[in-house]
Amino acid sequence: MLEKAADFIKHSDPKETTVVYHGGCGDGIAAASIMLKTFQKLFGEMPKVKFASPGVVAKLNLHSKTIIFVDLAVDQEKDFLLNLAKNSRILILDHHQMQNNMNDLGILHINPDMFSKIPGVRYPGAKLTYDTCSLIADTSDMDWIAAIGLVHDVGAEYWKPFLDSVFAKYKELGKVTYEYKGKIGKLVSIITAGQELKHGNEIALKVLLEAERPSDILDEKVPEVSELVDLDKAREEEITYYVDSWEKLADIDRKLKLAIYDVELKHKISSALSTVLSKAHPEYLFVIMNQESPAVLKLNFRQTLSKVDCAWLAKESTKPFGGSGGGHKPAAGGRIHPKYKEKFKEKLKELLKK
Ligand SMILES: [Mn+2]
């Protein structure tokens, strides 16, 4: 399976190739940098590069002879791909839940669920790209970038020997961990800190392309990294403030074990904040609400122990207000119009009492 993808890359012309990656995502940016560095090694130059999210990828104007999608669930857009395939050769390297197996329609599509025992969601795009590129180039100097994808997408537990080798090789990463913490966690949060900047994806990708090892980023040796590091610090400070003051600021129902936390965030940290809080207080259900724009109240639901089905709650609590919600049992998200804030709170408590 991976051999086919490797062969595809080997027969590409960088001048006529565009790599499209999942923007705003640490794994996607890592995957793109591995692909670009591999092109550099094979051909002495890099292809063009674009980013997208699954929702907007079909709006991209792509005209290259060769198009490579990494860490992007582009198989959701079957017609877009079929149309693109009329004039381009296409490779998809992705690990999200498959919607369409594009191989059936003549497009080279690689997803770990086709060949690996490791669940696809835990076989991140960066590792998939790394493993593919390893078949045609010496990628040993990019192993730490694959590790960024593994930690970002919570797949590290499945790749312990690989991560052990990365930690052994790069002493600056300190003590081994398979979680989003320590120096490797710092690396991941710096790479993703730019998501609220206009050119955040480009900056993060440039940083990964220029860095030769983790210390180049951690010690700010690459010039562009300082902007990301400053932003990462500011984000962390804001998370710390809200984590430390939740008992003072949140609307807490001790009987229902519910904490509704109405926050006013400067940075896009509501998801991270809710995860941190619910891990620290696993008995509670946290519902973080943050007004993102005049018409959007963003909601994050977390119940670490799955005592409440957050996906169900997110869906049912937003439905009466024309909003939307969904996700997984321990973690979900949603949105409503801010004018329904108080009614939403009532609905939430009513649903929980059931
Ligand atoms: Mn991913």
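Fair warning: this is a prediction, and the values are worked out from it, not measured in the lab. Numbering of residues begins at 1 and proceeds along the displayed sequence. Whatever order the structure lists them in is the order used to number ligands and atoms, beginning at 1.
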Are Val188 and Tyr178 joined in one hydrophobic group, where the rule is that I, L, V, M, F, W and Y side chains link up if heavy atoms are under 4.5 Å apart?
yes
Phe167 six-ring centre to Lys175 NZ/CZ under 6.0 Å and within 45° of normal
no
Per residue Asp153, nearest N, O or S atom to the Mn ion (ligand 1) is named OD2
Name of the Asp27 N, O or S atom nearest the Mn ion (ligand 1)?
OD2
Take the angle between the ring planes of His152 and Tyr180 and call it parallel below 30°, perpendicular above 60°, tilted in between.
tilted
Any salt bridge between Glu196 and Lys268, counting N to O under 4.0 Å?
no
For His95, the N, O or S atom at the shortest distance from the Mn ion (ligand 1) is NE2
The Mn ion (ligand 1) - closest N/O/S atom in Asp71:
OD1
